[in-house]
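Residue numbering restarts at 1 for every chain, and letters A, B, ... go by the order of the sequence lines.
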Protein chains: 2
Amino acid sequence: MSRSTGRRLGRAGIRDVAAAAGVSITTVSDALNGKGRLPDATRSHVREVADRLGYRPSAAARTLRTGKSGLIGLTVTTYGDEPFTFTEFAYFAEMARAATSAALARGYALVILPATSRHDVWSNVALDGTVVIDPADGDPVVTELVRHGIPVVSDGRPGGTLPVTGWVDNDHEAAVLGLLDHLADAGARRIGLLTGTTTDTYTRLSTTAYLRWCDRVGQDPVYESYPAHDPCAGAIAADRLLARPDRPDAVYGLFDPNGTDLLAAARRYGLRVPEDLLLVCCSESTGYATTEPPITTLSLKPRRIGTAVVQILIDAIEGLDNGRPIEQVIPTDLIVRTSSQRRSPRTTISPPRRPAGE
Amino acid sequence: MSRSTGRRLGRAGIRDVAAAAGVSITTVSDALNGKGRLPDATRSHVREVADRLGYRPSAAARTLRTGKSGLIGLTVTTYGDEPFTFTEFAYFAEMARAATSAALARGYALVILPATSRHDVWSNVALDGTVVIDPADGDPVVTELVRHGIPVVSDGRPGGTLPVTGWVDNDHEAAVLGLLDHLADAGARRIGLLTGTTTDTYTRLSTTAYLRWCDRVGQDPVYESYPAHDPCAGAIAADRLLARPDRPDAVYGLFDPNGTDLLAAARRYGLRVPEDLLLVCCSESTGYATTEPPITTLSLKPRRIGTAVVQILIDAIEGLDNGRPIEQVIPTDLIVRTSSQRRSPRTTISPPRRPAGE
DNA sequence: CTTGTTAAAAGGTACGTTTCTGCATGGTGA
DNA sequence: TCACCATGCAGAAACGTACCTTTTAACAAG
């Protein structure tokens with residue numbers, strides 16, 4: 001048969017290397033992977049021949065054989081056709097960037113996958129593990145993955161009894177409570193909230209924390225909700241909030257664009273920030289350092305989250321997770337700027353300006 | 001042998017389905033993939049059994065057999081350890097988002113890969129094709145991929161003789177020339193440029209277009225450069241530009257954060273925008289619609305670019321690219337706002353405000 | 001009864017690795 | 001001299017799928 005001389009028009013296989021080097025396939029594999037017991041002479045000879053032939057091991061074959069693909073899924077929630085919301089934009093981008101770096105540093109690559117899709121791309125790609133951002137309570141994808149023994153680590157503490165391998169999250173309640181205290185310290189008498197209509201964990205926890213705080217200090221809650229995935233609705237909701245008869249003298253906005261939305265609304269109503277209205281929003285955008293006035297933001301530290309999620313996941317994949325905690329709480333960071341400092345802003349010591357975060 | 005009853009502790013294979021359904025492996029494969037000639041009864045029976053066993057075809061095995069992985073690489077340039085620059089942030093995020101959507105809609109998934117990496121993750125993942133953002137002139141990765149017959153489509157017209165399958169880009173020269181004309185029409189006498197020190201195509205083309213325009217209208221070039229990957233350097237460069245003795249009365253900033261940087265610098269020097277200083281920057285951020293004043297931006301339409309790149313790539317992968325043009329120029333979009341309209345801004349008709357772009 | 005035709009399903013090989021097992025060889029201690 | 005061991009390497013069995021080739025059964029036409 002022409003089996004041994006069978007010409008693969010495309011790429012050179014391990015067989016071709018073995019033939020060209022005058023050794024067996026086993027020897028080539030061992031030489032290239034640093035396994036087995038081979039004298040350095042053989043090893044380097046094989047390497048040289050492989051190099052000369054431009055040999056690239058087939059990832060598919062290796063994956064099939066070893067069961068490891070070196071691929072990690074990054075699941076994003078979708079709204080309609082688009083992956084991830086505009087409101088989560090900066091957060092997601094930062095988080096994904098950090099996750100990508102962390103994964104690459106350990107030899108893994110990230111595959112972006114939607115929480116749902118018509119073609120099930122899911123079964124078309126061999127995943128060693130998956131990162132899920134803010135999974136829904138009974139998420140079928142997660143359940144399915146775990147059932148197949150694929151590690152799943154979530155960004156956001158999973159609700160219900162979702163059987164994830166681990167999770168990373170901020171302490172959203174504590175963050176909101178601390179932030180409201182900060183506003184109260186700055187002189188706020190009635191603090192309003194700009195929140196979302198969705199039921200995800202972040203929105204829910206933040207809102208209940210707000211309500212609890214109001215209850216504790218004896219303030220009537222003043223809030224407006226809007227569908228956070230609609231980029232226009234935020235500005236309208238901000239307007240609604242400031243148009244109320246019981247207009248708040250301080251507002252916290254849960255989503256990234258709320259800062260500019262609220263600032264624009266305040267301008268329309270002739271309210272000065274921070275004199276008439278204190279402002280804080282949750283955002284990762286550095287742009288808020290240079291608005292007029294600069295706006296105080298709550299950072300969820302997406303880079304630390306992205307890194308932590310990936311580390312936990314890869315540890316689980318490689319079986320290094322013995323006894324290591326698989327739940328991790330990342331502290332938030334309140335970056336205090338002018339918009340939340342009513343008294344003598346110019347004598348206040350502001351925290352050192354970070355270049356790009358972290 | 002216990003071969004036929006061999007228990008795979010993990011997942012059910014096609015063999016198990018065949019055995020459970022009382023048919024051959026071939027029949028199972030055909031039934032599940034809609035091939036062969038099978039009566040509907042058999043087909044649905046097999047499907048039902050497969051479902052009951054929770055059968056998932058092995059992506060690795062399928063890839064090995066068919067040579068198609070359904071995976072597309074998305075290569076981002078790296079600066080140090082971090083993928084993509086902060087200045088390209090919004091652009092990249094939008095572009096990646098669109099590319100992800102487009103790929104998923106055609107049954108492909110995106111893998112994020114760095115232009116370089118210590119572990120060569122590259123050969124560890126089976127790619128059907130690759131999208132490369134702004135490749136360097138003699139990019140070894142691209143050359144290698146093409147040599148192995150893997151289609152490569154670049155975002156950004158490749159310099160030199162890089163043998164890509166296709167590319168998508170804006171007409172950067174035309175965009176800059178048009179934008180400078182717009183500023184001149186608004187009354188600018190001396191237009192300055194805030195540009196980068198890097199040698200990528202975008203920076204180079206934009207800068208030369210600026211110089212050409214200056215030459216044409218007989219203006220002395222007034223520009224400052226800074227390393228665009230440094231998030232702090234932009235503000236300093238903006239300051240330098242406005243501190244010059246030959247201070248410009250209009251500035252175009254090549255990078256996303258330049259708008260806020262310039263606005264802040266103008267404020268420091270007591271310059272009113274647009275009365276004393278006209279401002280335009282290249283950005284995809286919607287935040288510039290609500291700054292004070294709103295800033296005119298040049299959008300490179302990253303969503304259209306991301307979509308186009310992926311379509312061209314997948315067409316090439318699937319061999320549908322006969323005669324179809326593989327080079328595509330996407331028009332830019334100048335979103336005119338207050339910062340570049342000196343005369344009677346309130347009677348000027350501004351273009352309809354788009355919700356989120358496109 | 002033979003031959004041709006077609007639907008339905010089975011058989012078997014190849015995809016390119018990794019890795020377990022095993023075979024030589026040559027040196028060493030008893 | 002023999003048993004023993006370490007070394008250096010080869011053979012061959014998987015991994016799970018897709019698809020090409022062949023077989024079987026059934027049935028119609030000659």
Next item on the list: Would you tell me if any nitrogen or oxygen in the side chain of B:Arg62 comes within less than 4.0 Å of OP1 or OP2 on D:dA18?
Entry: yes

Notebook entry, point to check: Is any side-chain N or O of B:Ser58 closer than 4.0 Å to OP1 or OP2 of D:dG16?
Noted result: no

Notebook entry, point to check: About how many Å separate CD1 of A:Ile112 and CD1 of A:Ile72, when rounded to the nearest 0.5 Å?
Noted result: 13.5 Å

Margin query: Determine whether a donor-acceptor pair (N or O, by modelled atom type, separation under 3.5 Å) exists between the side chain of A:Asp169 and the backbone of A:Val329.
Written below: no

Item checked: Donor-acceptor contact below 3.5 Å, side chain A:Thr42 vs main chain A:Leu38 -> no

Next item on the list: List in numerical order all residues of residues 38-52 of chain B for which some heavy atom is under 4.0 Å away from an atom belonging to DNA chain C.
Entry: B:Leu38, B:Pro39, B:Thr42

Check: Mind checking whether A:Val111 and B:Leu110 have side chains closer than 4.5 Å, heavy atoms only?
Finding: no

Would you list the atom pairs, donor with acceptor, under 3.5 Å between side chains in residues 157-167 of chain B and any protein atom, with sequence neighbours excluded?
unit_1: B:Thr165; atom_1: OG1; unit_2: B:Val152; atom_2: N; d: 3.0
unit_1: B:Thr165; atom_1: OG1; unit_2: B:Val152; atom_2: O; d: 3.3

Check: Once you round it to whole Å, what is the distance between P of D:dC15 and CG of B:Asp16?
Finding: 11 Å

Checklist line | Whole angstrom value for the distance that separates C1' of D:dA14 from CZ of B:Arg15 | finding: 9 Å

Item checked: d(CG, B:Leu32; P, D:dA18) in whole Å -> 8 Å

Please output the side-chain donor-acceptor pairs of residues 54-63 of chain A that fall under 3.5 Å, not counting sequence neighbours, one pair per line with the distance.
unit_1: A:Arg56; atom_1: NE; unit_2: B:Glu144; atom_2: OE2; d: 3.0
unit_1: A:Ser58; atom_1: OG; unit_2: A:Ala60; atom_2: N; d: 3.4
unit_1: A:Ser58; atom_1: OG; unit_2: A:Ala61; atom_2: N; d: 3.0
unit_1: A:Arg62; atom_1: NH1; unit_2: B:Asn124; atom_2: OD1; d: 2.9
unit_1: A:Thr63; atom_1: OG1; unit_2: A:Ala59; atom_2: O; d: 2.8

Check: Rounded to the nearest Å, what distance is computed from the CZ atom of residue B:Arg65 to the P atom of nucleotide C:dC15?
Finding: 8 Å

Note to self: If you compare every side-chain N and O of B:Lys35 against the phosphate oxygens of D:dA18 (OP1, OP2), does one of them come in below 4.0 Å?
What the structure shows: no

Item checked: Residues A:Asp315, A:Arg106: salt bridge by 4.0 Å N-O rule -> yes

Next item on the list: Give one of base, sugar-phosphate or nothing for A:Ile25, where a contact means two heavy atoms less than 4.0 Å apart.
Entry: base

Margin query: Would you compute the distance between atom CG of B:Leu313 and atom OH of B:Tyr108 and round it to the nearest 0.5 angstrom?
Written below: 8.5 Å

Please enumerate all protein N or O atoms sitting under 3.5 Å from an N or O of nucleotides 20-23 of chain D, with distances to 0.1 Å.
none

Item checked: Gap separating the OG1 atom of A:Thr130 from the CG atom of A:Leu145, nearest 0.5 angstrom -> 4.5 Å

Protein N or O to nucleotides 24-26 of chain D N or O, pairs below 3.5 Å:
none

Item checked: Any residue meeting ring-ring contact (aromatic ring centres under 6.0 Å, His included) with B:Phe92, in chain and number order, not counting sequence neighbours -> B:Phe84

Item checked: Earlier contact from the 5' end, DNA chain C, for B:Ala61 and B:Ser24 -> B:Ser24

Check: Between C:dG16 atom P and B:Leu64 atom CG, what is the distance in whole Å?
Finding: 7 Å

Next item on the list: Would you kindly give the CD1-to-P distance between B:Ile14 and C:dC15, to the nearest whole Å?
Entry: 19 Å

Check: Taking it one step at a time, do A:Ser24 and A:Thr27 satisfy side-chain hydrogen bond (donor to acceptor under 3.5 Å, both in side chains)?
Finding: CA-CA 5 Å; A:Ser24 77; A:Thr27 304; 3.1 Å; yes

Check: Taking atom CG of A:Leu71 and atom OG of B:Ser69, what is their separation to the nearest 0.5 Å?
Finding: 9.0 Å

Notebook entry, point to check: D:dC9, C:dT17, D:dC15: which one has an atom nearest the side-chain heavy atoms of A:Tyr55?
Noted result: C:dT17

